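These numbers come from a predicted model, not from an experiment.
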Amino acid sequence: MTENKKRSFGLRKGISMPRHFSPQEQKVIRNKLIEKGKELIAIFGLKKTTISDLTKAVGISKGSFYNFFASKEELLFTIFKLEGNKLRKKISQEILNSSRDAAKSIKELIKLILKEMDDNPIINRIYNSDDLNYVYQKLSQEQWKENRELSVDALIPVIEIWQKEGRIIEKDPELVISVIRAVVFISLHKKGIGEEIYSETIDLLIDIVTKGLTMRR
């Protein structure tokens, strides 16, 4: 990281704070680490962002970082979960109203997730670099399983309602969610598909999957 860019994030030398903080200070510092982590990692990536960069940005000593997170990988995973929670809330507010047309809702759900992956700097960085795989190797399977289950649990109730009303195929709800996730993850292969034809490809794929999931048998 260049010195100019570090200065732009307030990474000044010689700033330190006590290693022990009040509960209120802990909350404030933790939130600052998360926010600065989002900024720095979105620009430089996890591997190039050091713990010193993060702690200088919020004005604490390097050793104090471990009062809040066990590692920078855990910090990124925390950011990933928080951004996921925001997206799940947005989905529940804007998309998953069981009284709406199921096909339209599924299509809007996929497009909303794809838009978030493009527009959200930290989510874009995580999915378009090897940072996520790197963190996956560093953290426990239980942590990833818990995060995945949050996403699944948010969608299952609505899918079950749609199935009872005969508006979506009667397959295991988790399988339906897996199909939706598979479409989303195809967006990570824009270059392989060809960027000049990617938009048309993903739109057609969304239409095909949506029709397949909502087609009456």
Side-chain angles (χ1 to χ4, degrees), residues 34 38 76-129 131-133 135-136 139-217:
I34 289 169
K38 284 166 60 175
L76 180 61
F77 184 68
T78 299
I79 292 169
F80 185 68
K81 287 197 299 181
L82 290 172
E83 294 302 305
N85 288 338
K86 288 180 186 176
L87 179 57
R88 281 187 282 271
K89 188 175 291 186
K90 190 181 293 186
I91 288 170
S92 65
Q93 291 172 345
E94 298 183 12
I95 303 295
L96 300 181
N97 183 330
S98 62
S99 66
R100 297 178 59 190
D101 177 73
K104 183 178 179 181
S105 292
I106 292 171
K107 188 176 292 188
E108 289 183 3
L109 166 64
I110 295 172
K111 290 190 173 182
L112 175 62
I113 296 172
L114 291 173
K115 187 176 187 302
E116 185 75 8
M117 289 173 69
D118 280 337
D119 295 349
N120 185 316
I122 186 66
I123 293 296
N124 186 281
R125 178 78 195 201
I126 289 171
Y127 278 112
N128 288 285
S129 69
D131 283 350
L132 197 59
N133 287 332
V135 173
Y136 187 83
L139 300 179
S140 71
Q141 295 296 313
E142 288 73 22
Q143 288 173 299
W144 287 105
K145 183 180 178 183
E146 179 187 354
N147 188 63
R148 181 182 176 280
E149 286 175 349
L150 285 173
S151 298
V152 171
D153 291 347
L155 294 171
I156 281 180
V158 176
I159 289 173
E160 289 177 338
I161 291 172
W162 288 342
Q163 288 176 332
K164 287 178 182 178
E165 295 175 350
R167 292 190 287 149
I168 192 170
I169 62 172
E170 292 188 9
K171 294 287 185 179
D172 184 337
E174 287 199 34
L175 180 59
V176 174
I177 294 167
S178 182
V179 169
I180 293 170
R181 285 162 59 93
V183 176
V184 169
F185 286 131
I186 286 173
S187 68
L188 304 179
H189 303 281
K190 288 182 184 179
K191 290 183 179 179
I193 293 170
E195 294 191 17
E196 71 283 355
I197 199 172
Y198 168 77
S199 293
E200 290 180 71
T201 302
I202 199 72
D203 285 344
L204 179 57
L205 183 60
I206 290 171
D207 284 340
I208 292 170
V209 169
T210 301
K211 287 176 184 177
L213 290 176
T214 57
M215 188 181 296
R216 292 187 179 183
R217 296 292 191 268

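Counting heavy atoms from C-beta on, the side chains of Ile202 and Lys190 never come closer than 4.5 Å. Between Ile113 and Ile91 the shortest side-chain heavy-atom distance falls below 4.5 Å. The shortest distance between side-chain heavy atoms of Ser105 and Trp162 falls below 4.5 Å. Under the 4.5 Å side-chain criterion, counting only non-hydrogen atoms from C-beta, Ile186 is not in contact with Thr201.
Checking side-chain atoms of Asn128 against main-chain N and O of Asn124 turns up a donor-acceptor pair under 3.5 Å.
If you take CZ on Arg88 and NZ on Lys81, they are separated by 9.5 Å, rounding to the nearest 0.5 Å. Annotation: the span from Gln163 atom CD to Glu165 atom CD amounts to 11.0 Å, rounded to 0.5 Å. From Ser187, atom OG reaches atom CG of Asp118 across 7.0 Å, with rounding to the nearest 0.5 Å. Considering OH of Tyr198 and NZ of Lys191, their distance stands at 13.5 Å, rounded to 0.5 Å. Annotation: the span from Ile177 atom CD1 to Lys171 atom NZ amounts to 15.5 Å, rounded to 0.5 Å. Of the inter-residue distances, the one linking Ile193 atom CD1 with Glu200 atom CD reads 12.5 Å to the nearest 0.5 angstrom.
For the side-chain hydrogen bond (donor to acceptor under 3.5 Å, both in side chains) criterion with Lys107, the lone passing option out of Thr210, Asp207, Asp203 is Asp207.
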- Ile123 vs Leu87, side chain to side chain contact (heavy atoms under 4.5 Å, CB included): CA-CA, chis, key distance, verdict: CA-CA 11 Å; Ile123 293 296; Leu87 179 57; over 6 Å; no
- Would Leu155 and Leu109 count as a side chain to side chain contact (heavy atoms under 4.5 Å, CB included) if you check the C-alpha gap in whole Å, the side-chain angles of each, and the deciding distance to 0.1 Å? CA-CA 10 Å; Leu155 294 171; Leu109 166 64; 4.1 Å; yes
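Contact check on Glu108 versus Lys111 returns no salt bridge, with no Lys/Arg side-chain nitrogen under 4.0 Å from an Asp/Glu carboxylate oxygen.
Across all their heavy atoms, Lys38 and Ile122 have their closest contact at O-CD1, 3.9 Å. Nearest heavy atom pair, residue Val209 against residue Val179, reads CG1-CG1, 3.7 Å. Closest of all the heavy-atom pairs between Ile156 and Pro173 is CG1-CB, 4.1 Å. In this structure, Lys90 and Glu116 approach most closely via the heavy-atom pair NZ-OE1, 3.4 Å. Of all heavy-atom pairs between Leu188 and Met117, the closest is CD2-CE, 3.6 Å.
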